[in-house]
Amino acid sequence: MTRSRILELAAAALATVVLWAMFAPVSAGSREQLFEIPAGTYARRAAGDKVEILPAEIRLTLGVKDVLVLRNLDKVPQTFGPVLIMPGQSFKMPFGVAGDVQFECTAHASGHMRIVVDPAPDAGWRRLAWRARTAMQWLNTSKT
């Protein structure tokens, strides 16, 4: 096989992947995105540990992952916006509109949590960009 033939096959494979990423339907097993407040969080903070247990910014996508679920595994209640989440309880917040909102959150050292809800990724460049960003987020979280 010649070098030019190998390059042609590689370019065809790359084009196939890009086209798939642009036009294949987006699916997720569940529309819920779960975040857990681990046990001992309050005790660690009370001891002076500046632990960050949740990301400062959470990104959701309409129609894919648009239900935020917070589960409190700590032994003390946690406040998220106007909601008090008791130990062992979960709280679900579905989002139906794209936007950028901030909530007070006692699980954060800063006391705030930002939630960015992206519109559903339409076919084409937006879906390609969404898939690339999702892959980068997955790579960054799998490193930790």
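All figures in this text were calculated on a predicted structure; none of them were measured in a lab. Only this structure's heavy atoms are used, side chains among them; waters, hydrogens and symmetry mates stay out.
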Joint hydrophobic cluster, [X] plus [Y], side-chain heavy atoms closer than 4.5 Å:
| X | Y | answer |
| --- | --- | --- |
| W130 | F23 | no |
| L62 | L60 | yes |
| M136 | W138 | yes |
| L84 | L70 | no |
| M22 | V17 | no |

Decide yes or no for [X] and [Y]: does some side-chain heavy atom of the first lie under 4.5 Å from some side-chain heavy atom of the second?
| X | Y | value |
| --- | --- | --- |
| M113 | F35 | no |
| T106 | E104 | no |
| L73 | I37 | no |
| R31 | D66 | yes |
| L54 | F80 | no |
| M1 | L9 | yes |
| R131 | W20 | yes |
| P87 | Q78 | no |

Exercise for the section: Return yes if some donor-acceptor pair links the side-chain N/O of N72 with the main-chain N/O of G88 below 3.5 Å, else return no. Expected result: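 Flag not set: sc N72 to bb G88 has no pair under 3.5 Å.
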Practice task
Please answer whether the main-chain N or O of R45 pairs with a side-chain N or O of K50 as donor and acceptor at a distance below 3.5 Å.
Solution key: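 Not a single qualifying donor-acceptor pair exists.
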Problem - Rounded distance (nearest 0.5 Å) linking atom CD1 of I85 with atom CZ of R71 - result: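 Those atoms lie 11.0 Å apart.
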Exercise for the section: Nearest 0.5 Å please: distance from the CG atom of D100 over to the CD atom of E57. Expected result: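 Going from the CG atom of D100 to the CD atom of E57 covers 7.0 Å.
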Practice task
Would you name the heavy atoms of L128 and A21 that are closest together and state the gap between them?
Solution key: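 For L128 and A21, the tightest heavy-atom pair comes out as CD1-CB, 3.5 Å.
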Exercise for the section: Identify the heavy atoms of P55 and I58 that sit nearest to each other, and give their distance. Expected result: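 Residues P55 and I58, closest heavy atoms: CG-CG1, 3.8 Å.
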Donor-acceptor list for residues 116-125 side chains, cut-off 3.5 Å, not counting sequence neighbours:
unit_1: D118; atom_1: OD1; unit_2: R59; atom_2: NH2; d: 2.9
unit_1: D118; atom_1: OD2; unit_2: R59; atom_2: NE; d: 3.2
unit_1: D118; atom_1: OD2; unit_2: R59; atom_2: NH2; d: 3.3
unit_1: D118; atom_1: OD2; unit_2: R133; atom_2: NH2; d: 2.7
unit_1: D122; atom_1: OD2; unit_2: R126; atom_2: NH1; d: 3.4

Practice task
List, by chain and number, the other hydrophobic cluster members for V76, where Ile, Leu, Val, Met, Phe, Trp and Tyr join if side-chain heavy atoms come within less than 4.5 Å, directly or indirectly.
Solution key: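 Cluster partners of V76: Y42.
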Handout entry: By side chain to side chain donor-acceptor pair (under 3.5 Å) - contacts of K75 (at least two apart)
Key =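 Once residues adjacent in sequence are excluded, K75 has no partner under the side chain to side chain donor-acceptor pair (under 3.5 Å) criterion.
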